[in-house]
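To keep things clear, I will list the structure first and then write my remarks on it.
Computed from a predicted model, the values in this text were never measured in an experiment.
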Amino acid sequence: MQNSEVADLLKGTMALDEVIVTSEGTHYKVIAVGDVFDGMSKVKRQQAVYGPLMERITDGTLHALTIKAFTPVEWQREKMFNL
């Protein structure tokens, strides 16, 4: 599965401002940014991103997935200090 396919799937099912997907083999890293995460715990944010990808995870297309989910304000701060 291409990185762009993962990003398109998430953008098509969630109200996200930005999705960045990188991969190495079947190990994917997703950064998802959107107001949809406002007020959610880290666990709820990850669950929200896992939802649209669950079929690909269960069929083995996505073997490992690392998720970082931010609101737009959090993402601006994250980019400033950590990227």
Side-chain angles (χ1 to χ4, degrees):
M1 185 170 208
Q2 298 294 320
N3 295 347
S4 60
E5 292 175 289
V6 175
D8 290 345
L9 181 60
L10 291 172
K11 286 180 184 176
T13 56
M14 300 179 72
L16 297 173
D17 299 337
E18 189 173 353
V19 179
I20 300 167
V21 181
T22 58
S23 64
E24 189 173 311
T26 57
H27 296 251
Y28 290 80
K29 293 180 182 178
V30 173
I31 296 174
V33 181
D35 286 323
V36 67
F37 300 121
D38 192 32
M40 286 186 180
S41 69
K42 287 184 179 185
V43 171
K44 290 291 184 192
R45 292 175 184 204
Q46 289 190 350
Q47 289 172 339
V49 175
Y50 269 116
L53 301 174
M54 192 53 66
E55 183 178 330
R56 301 301 197 286
I57 293 168
T58 56
D59 74 8
T61 303
L62 302 175
H63 174 69
L65 184 62
T66 301
I67 298 169
K68 292 186 178 184
F70 303 98
T71 66
V73 171
E74 292 167 342
W75 178 234
Q76 289 304 316
R77 186 173 53 237
E78 181 73 14
K79 287 194 302 187
M80 186 181 308
F81 294 113
N82 295 315
L83 292 180

| query | Do you reckon V30 sits in the same ILVMFWY cluster as M1, going by side-chain contacts under 4.5 Å, direct or chained? | reply | yes
| field | Partner set under side chain to side chain donor-acceptor pair (under 3.5 Å) for S23, not counting sequence neighbours | value | N3
Below 3.5 Å, can you tabulate the donor-acceptor pairs from side chains in residues 56-64 to any protein atom, sequence neighbours excluded?
residue	atom	partner	partner atom	Å
T58	OG1	M54	O	3.1
T58	OG1	E55	O	3.1
D59	OD1	T61	N	2.8
D59	OD1	T61	OG1	2.6
D59	OD2	T61	OG1	3.4

| query | What are the two closest heavy atoms between F70 and W75, and how far apart are they? | reply | CD1-CE3, 3.5 Å
| In the single-linkage hydrophobic clustering (I, L, V, M, F, W, Y; side-chain heavy atoms under 4.5 Å), do Y50 and V19 co-cluster? | yes
| With sequence neighbours excluded, what pairs up with K42 under the side-chain contact (heavy atoms from CB on, under 4.5 Å) test? | none
| field | Residues which pass salt bridge (Lys or Arg N to Asp or Glu O under 4.0 Å) with R45, listed by chain and number, not counting sequence neighbours | value | E74
| Who pairs with Y28 by ring pair (Phe, Tyr, Trp, His ring centres under 6.0 Å), at least two apart in sequence or on another chain? | none
Kindly list each side-chain donor-acceptor pair under 3.5 angstrom involving residues 7-17, sequence neighbours excluded, with atom names and distances?
residue	atom	partner	partner atom	Å
T13	OG1	L9	O	2.9
T13	OG1	L10	O	3.4

| Considering all heavy atoms, the nearest A32-F37 contact | O-CE1, 3.6 Å
| query | When rounded to the nearest 0.5 angstrom, what is the spacing between CE in M40 and OG1 in T71? | reply | 11.5 Å
| said: Test of understanding: clusters of I, L, V, M, F, W, Y form through side-chain heavy atoms closer than 4.5 Å, transitively. Do V49 and V33 belong to the same one? | reply: no
| request: Check G34 against P72 and note the closest heavy-atom contact, atom names and distance. | output: C-CD, 3.6 Å
